[in-house]
Amino acid sequence: MLISYRWLMDYLKEEVPVKELVNALRNLGLYATIQKEIGKNWSEILIGEIKDINKHDKYDHLLVCSVDVRDKNLTIVSGAKNINIGDKVPVALPNTQILGETLDKRDFGGVISEGMLCSEYELEFSDDKEGIMILPQDFEVGSKFSEYFGNGDYLIEIEVPSNRGDCLSYIGIAREVSGYFGIPLNFEYKKPKDSSYSIKEFADCEVWDYELCPRFTLKFIKGVKIGPSPLWLRWKIERVGLRSINNVVDVTNYIMLETGQPLHAYDFDLIKGGKLIVRRAKQGEKIVLINGEEKELDENVLVIADVERAVGIGGIMGGKETEINDNTKNVLLEAANFMPVNIRRSARKLGLRTDASLRFERGVDIYKTAEILDYAAEMIRLVAEGEISKDKIDLNQGLPPLPKIFLRPQRVNKILGTELKEHEITEILSKIEFKVISHNPILEIEIPSHRQDIKEEIDLIEEVARFYGYNNIASLPLQKGMIVDPPLVEEILERKIRVLLSDLGLYETINFSFMSYEDLKNSGMLDTSPFNNYISIQNPLSLENSVLRTSLLPSLLKVAQTNNNRQNKDVFLFEIGKVFYKNNNDYIEEKHLAILLSGEWYTNPWNIPYEIRKVDFYDIKGIIELLFDKIWGIKPDFLNSTYSFLHPLRQSNIYLNGEIVGYLGEVNPWITQEMDLRERVYFSEINLDKLNFVKEKAKYKPIPIYPGIKRDLALLVPEDMQVVNLENIIRKVSGNLLKNLSVIDIYKGEKIEEGYKSITFSMFFVSEDYTLTDNEVDDIIKNILLNLSEIGVYLRQK
Amino acid sequence: MSEDYIKKFEEAKERIIRAENSKELEEIKREVLGKQGFLTQLLRSLGKLSQEEKVRLGRLANEWKETLEKLYEEKEKELKYKTLQNKLYQEKIDITLPGRKKITGKIHPINQVIEEILSVFKEMGFQVVYGPELETDYYNFTALNIPEDHPVRESHDSFYIDKEHLLRTQTSPVQVRVMEKKKPPLRIVAPGKCYRRDMPDATHSPMFHQIEGLAVDTDITFAELKGVLTIFAHRLFGKDRKVYFIPSYFPFTEPSAEMYVECGVCKGEGCKACGYSGVLEILGCGMVHPQVFRVVNIDPEIYSGFAFGMGPDRIAMQIYGIDDIRLFYENDVRFLNQF
């Protein structure tokens, strides 16, 4: 809520400096920020009277005025069209700061202007740029502008928490400030000067739905004179951003800002049958509102109607057809109370958020409705004349007694960690109008009617804390000892994986959990379950973000694309994130790890052989093997897979104990080419939920003390045979003695028979119990060759 | 005769010392210490001499031999060293050429900040826990004292999956899930992604992160909430930074507060970095509302607790001076590489 500092100060018996005010509001939880300081120059602006106006000799659009500012007559050139001889106007003299610029004497075609006549905008008085500000005739020539309007003002934006409807008003805010500083409030509702007639002579009213409208009050003001608002009124409402309409409407807005009670004024003579009915709208009923919009209503919307039609949406906005206009003579003034939830729903549904609906949503004080109605009627009389009915219509089903809540002083201290005495607590509460009914043995507190947010003991404890001051409460470390809960496996895994992969040269990315259907399609995953069992968002921000991701691949491909488009084709990425998909009627949420490699990953490859500069399948496989070894201490199995979004011959599922825990491979170049990715892309995705364990603690094994024997074996292998077949045989035949088996060379070419390749293994044999002999190892090798020959693998003859 | 040998010995010494390369040295060795060498000759000639002479000259010859052999070894080492040195001087490299290394790799800046934040709380005995991102309306709102039609729901514009399910708008539902399963004492922190239907701009992202914290025990007070979070703020931002708690409103805590830290750039004077307020909003917190305890069957008369929630994205923006939240989710490697 935007407030004027000067206006707020009207409600306090003593002025509080603006900085202290802002600080106090913050300490109370009404976060305040000075938005703008205005009128710093008002003490330098003089009130002048226009004595003479002549056309400029050279320029048709300029006027040369003679302006009396008491000490002297100034010659001032102005382009204004709204000034007349005798008008009182604000005059700025040279060297005055106007909107941040210093005013100079200026030469207009030979006429020196000795000052400037100011518009309201130039004085930061309002946004009105049209014409010069014309002041009331009783303003004294030569006096200062600030004598009438104060020494400038501050506009303060206050963030009012959603439970504090009472603070959507000057009085509400002033009440808090009053309690904070102990300065009394300076306000009372004016009583109306009544006439002798009764409202019932003219108007009638019925409430058909007290649930949605628990209180509805009306007052009649006869013979008003509609016109522009007096300056003080216009000044107040325009400063905080409202538009001045006319004197009657402006009063209703003024009182809403002041008290938080929205009001509505009807032109009584336009109400058919002289009767208002508060009822639910008929299905499809239409109304044109004062903002000119036509709305179609339904039965859940509460309307104020006359005998024929709706004339307003209760608590939200009045209707066009009965609004106050220049010809209005008789005003029917409404102050009511509406059910917050219904207002919120209706306002939302109709797309109408108004100052009134905001206040009714947050709760308006139902006990004050009639008092404020009287006050508003009197204010209308003061600015628009007319006669106020001696009575009012006040329809309600009885007001409940004010709630009373028990408060245990020791409970206050138990929650806050304070040592407040009972009398300190009651003093704090009574400063903000909470009444202590009894205090033996515990306090019974009566809640003031404007504090609808106070519902139970803890709410009172918060009030005590707020006004005692959060910053006065001690700051203590946890008083209880430690809780020894071991870290969760999930946390350990995430952290370790992040450290490992980033140390290996990969960049961690974080991507949105949503994507588009197109992303899924472009990633070639539409025909693969579960990737195509995606979940849609009902109300996405855009189609681009309308589907929850079922795989991390589309996101990482997009990151690769983004970087490619920015001249970086070398991308080495990983991400840990959730994927979501449907399984029958369930929603599945899984934590996945994905790795994407593409391009060259040596930063200065000057001494790196060309053939290994670009990553390939074996780089990503190496990372996966390393990851499984370091994180889980296991070797997974890699078995053929058939994902259509991967290269048909360069992909594999990752198995653990016979279960698929992930996959890896080259992303099908058909997909990456479509995305303009220049390099081949390698990708792996792992379901971390299936790997929710940590590496077992290692068991020490003695380091072998006997020397081992190393043998290399060059084999001729049929071209299509996978190495895993050879390894299995070699390991099986060698048994425990084989401590290390690695592929050290693969060769195809001239010296090798057509249809074969040469694979060289290096083997290292060690016994833990004795020194191996060459003969023993020779026997093993012979045995290996014998077994290999059965699958068509032979020793390579040089 | 012996003078002749003395001369030869001196000559041999001289030759070894002067040898210029290992080939020459080997030759000298052969000539001096070999079968044709004078020492061998000397020893051979001893037979004709008297016993006394035999002993004397034999001893002398052996002394000479040892001396020469020692000299030879020293010389040999010296020459080997020289040879290696010469070789090394052929092996010049350009030490300004870059080393052989792969691309650097980094942990995402938000996760670096989350990790740093979590570590402070872990030291204070908080356990890191997680919860689902696809949540039910019940856990995300109702159980947190935010019933349907509560005004707070408006600031949590949610992505709905169906009537019941939505993407969580906060990490607070983890509080409820933990308290349903475990009884106090509890100290948890729950990091994770959250989602709100905000159009992306420099300060809003439809996906962002939160870290939720909760401590429940008998007799936990607001004073301890202030203490724990002040320690946290001092650890993350530095001990010299002032910390402020001001009242706020959250339906699931009461009393509620917002914690601000003095702006590190202007030290409270007000500057562009802090929007001229002199302070930075770090987190929301408060004492767990009795209603939340009732929902999970914890007796609020016996137990009390505090909860807090913070946005690591914003904190990371402040720590690193990043002015656009969208950079985090764009994943330009040039950005990621800076942290």
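Model, not experiment: these values are computed from the prediction. Below, chain A is the first sequence line, B the second, and so on; all start at residue 1.
Residues A/Y31 and B/I246 are in side-chain contact: their nearest non-hydrogen atoms beyond the backbone lie under 4.5 Å apart. In this structure the side chain of A/I576 never reaches within 4.5 angstrom of the side chain of B/N111, judged on heavy atoms. Counting heavy atoms from C-beta on, the side chains of B/L118 and A/R495 never come closer than 4.5 Å. In this structure, the side chains of A/Y587 and B/H165 come closer than 4.5 Å at one or more pairs of heavy atoms. Counting only heavy atoms from C-beta outward, the side chains of B/I103 and A/Y507 approach each other to under 4.5 Å.
In terms of heavy-atom pairs under 4.5 Å with chain B, the best-connected choice from A/N545, A/V559, A/I415, A/I608 is A/I415. Heavy-atom pairs under 4.5 Å with chain A were tallied for B/D162, B/V129, B/L186; the largest tally goes to B/D162. Looking only at heavy-atom pairs under 4.5 Å with chain B, the residue among A/R345, A/R466, A/E361 that has the most is A/R345. In terms of non-hydrogen atom pairs under 4.5 Å with chain B, the most contact-rich of A/L504, A/N607, A/N163, A/V22 is A/N163. The greatest number of non-hydrogen atom pairs below 4.5 Å with chain A, out of B/R100, B/R334, B/M199, is found for B/R100. Interface remark: of the candidates B/E301, B/M207, B/K102, B/K102 forms the most heavy-atom pairs closer than 4.5 Å to chain A. Taking chain A as the reference chain and counting heavy-atom pairs below 4.5 Å, the highest number among B/P300, B/P251, B/A215 is found for B/P300. The residue among A/R408, A/E575, A/E457 with the most heavy atom pairs within less than 4.5 Å of chain B is A/R408. When the candidates A/G469, A/S536, A/A465 are compared by the number of heavy-atom contacts under 4.5 Å with chain B, A/S536 comes out ahead. In terms of heavy-atom pairs under 4.5 angstrom with chain B, the leader among A/G29, A/G577, A/S542, A/G417 is A/G29. Your options are B/V152, B/T218, B/V243, and the one with the most heavy-atom pairs under 4.5 Å with chain A is B/T218. By number of non-hydrogen pairs under 4.5 angstrom with chain A, the leading residue of B/K106, B/E254, B/M287 is B/E254.
For the residue pair B/P98 and A/W606, the shortest heavy atom distance occurs at O-NE1, 3.0 Å. A/L28 and B/P247 get closest at one heavy-atom pair: C-CG, 3.6 Å. When all heavy atoms of B/I161 and A/Q538 are compared, the pair lying nearest together is O-CG, 3.4 Å. Residues A/K578 and B/G131 approach most closely at NZ-O, 3.6 Å, considering heavy atoms. Of all heavy-atom pairs spanning A/S162 and B/Y249, the tightest one is OG-CE2, 3.4 Å. Contact record, A/R344 with B/P151: NH2-CG, 3.4 Å, taken as the closest heavy-atom pair.
The main-chain N or O of B/I107 is never found under 3.5 Å from a side-chain atom of A/E508 such that the two would form a donor-acceptor pair. Within the 3.5 Å criterion, the main-chain N or O of B/I220 finds no donor-acceptor partner in the side chain of A/Q479. The closest donor-acceptor contact from the side chain of A/K480 to the backbone of B/D219 lies at 3.5 Å or more, if one exists at all. For B/K226 (side chain) and A/Y470 (main-chain N/O), a donor-acceptor pair under 3.5 Å exists by modelled atom type. Not one N or O on the side chain of B/D332 forms a donor-acceptor pair closer than 3.5 Å with the backbone of A/T562. With hydrogens and angles ignored, the 3.5 Å screen pairs a side-chain donor or acceptor of A/N563 with a backbone N or O of B/V333.
When heavy atoms are compared at a cutoff of 4.5 Å, B/S248 approaches chain A solely by way of its backbone atoms N, CA, C and O. Contact of A/E456 with chain B is made through the side chain alone, with heavy-atom distances under 4.5 Å. Only the backbone of B/E123 comes within contact range of chain A, judged by heavy atoms closer than 4.5 Å. In this structure, chain B has heavy atoms under 4.5 Å from both the backbone and the side chain of A/V499. Looking at A/S513, both its backbone and its side chain come within 4.5 Å of chain B, counting heavy atoms on both sides. With a threshold of 4.5 angstrom between heavy atoms, B/V288 does not approach chain A through any atom at all. With a 4.5 angstrom heavy-atom cutoff, A/L573 touches chain B only via side-chain atoms. Proximity to chain A (any heavy atom under 4.5 Å) is shown, for B/T104, by both the backbone and the side chain. When heavy atoms are compared at a cutoff of 4.5 Å, B/D198 approaches chain A solely by way of its backbone atoms N, CA, C and O. Proximity to chain A is limited to the side chain of B/P290, based on heavy atoms less than 4.5 angstrom apart. Using a 4.5 Å cut-off between heavy atoms, B/Y195 touches chain A through its side chain atoms alone. With a 4.5 Å cut-off on non-hydrogen atoms, B/E115 touches chain A through its side chain but not through its backbone. Only the side chain of B/S205 comes within contact range of chain A, judged by heavy atoms closer than 4.5 Å. Of the atoms belonging to A/F572, it is side-chain heavy atoms, and not backbone ones, that fall under 4.5 Å from chain B. Interface residue A/F580: only side-chain heavy atoms are found under 4.5 Å from chain B.
Using a 30° and 60° split on the angle between ring planes, B/Y329 and A/F512 fall in the tilted class, from 30° to 60°.
No more than 12 heavy atoms of other residues, nucleotides or ligands sit less than 6.0 Å from atom CD of A/Q567. Atom NZ of B/K242 sits in a sparse spot, with 12 or fewer heavy atoms from other residues, nucleotides or ligands closer than 6.0 Å. The neighbour count for B/E148 CD, taken as heavy atoms of other residues, nucleotides or ligands under 6.0 Å away, does not exceed 12. Heavy atoms of other residues, nucleotides or ligands lying less than 6.0 angstrom from CG of A/N585 number 12 at most. Environment of NZ in A/K455: sparse, with no more than 12 heavy atoms of neighbouring residues, nucleotides or ligands closer than 6.0 Å. Dense packing is recorded around CD of A/E157, with more than 12 heavy atoms of other residues, nucleotides or ligands lying under 6.0 Å away.
In this structure, CG on B/L336 lies 11.5 Å from OG on A/S502, to the nearest 0.5 angstrom. Taken to the nearest 0.5 Å, the CG atom of A/N539 stands 5.0 Å off from the CZ atom of B/R197. To the nearest 0.5 angstrom, B/D217 atom CG is 8.5 Å from A/L478 atom CG. With values rounded to the nearest 0.5 angstrom, A/S546 atom OG is found 10.5 Å from B/F159 atom CZ. Rounded to the nearest 0.5 angstrom, B/T221 OG1 and A/N413 CG are separated by 10.5 Å. In this structure, B/Y244 OH and A/N27 CG are separated by 10.0 Å, a value rounded to the nearest 0.5 Å.
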Item to complete: Given side-chain contact (heavy atoms from CB on, under 4.5 Å), test A/L548 with B/L134 step by step and report yes or no.
Response: CA-CA 10 Å; A/L548 295 186; B/L134 207 167; 4.0 Å; yes
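The pair B/R168-A/E589 fails the salt-bridge criterion, with no side-chain N (NZ, NE, NH1 or NH2) lying under 4.0 Å from an Asp/Glu carboxylate O.
Figure legend: cation-pi geometry between A/K591 and B/Y130, with NZ or CZ positioned under 6.0 Å from the six-membered ring centre and within 45° of its axis.
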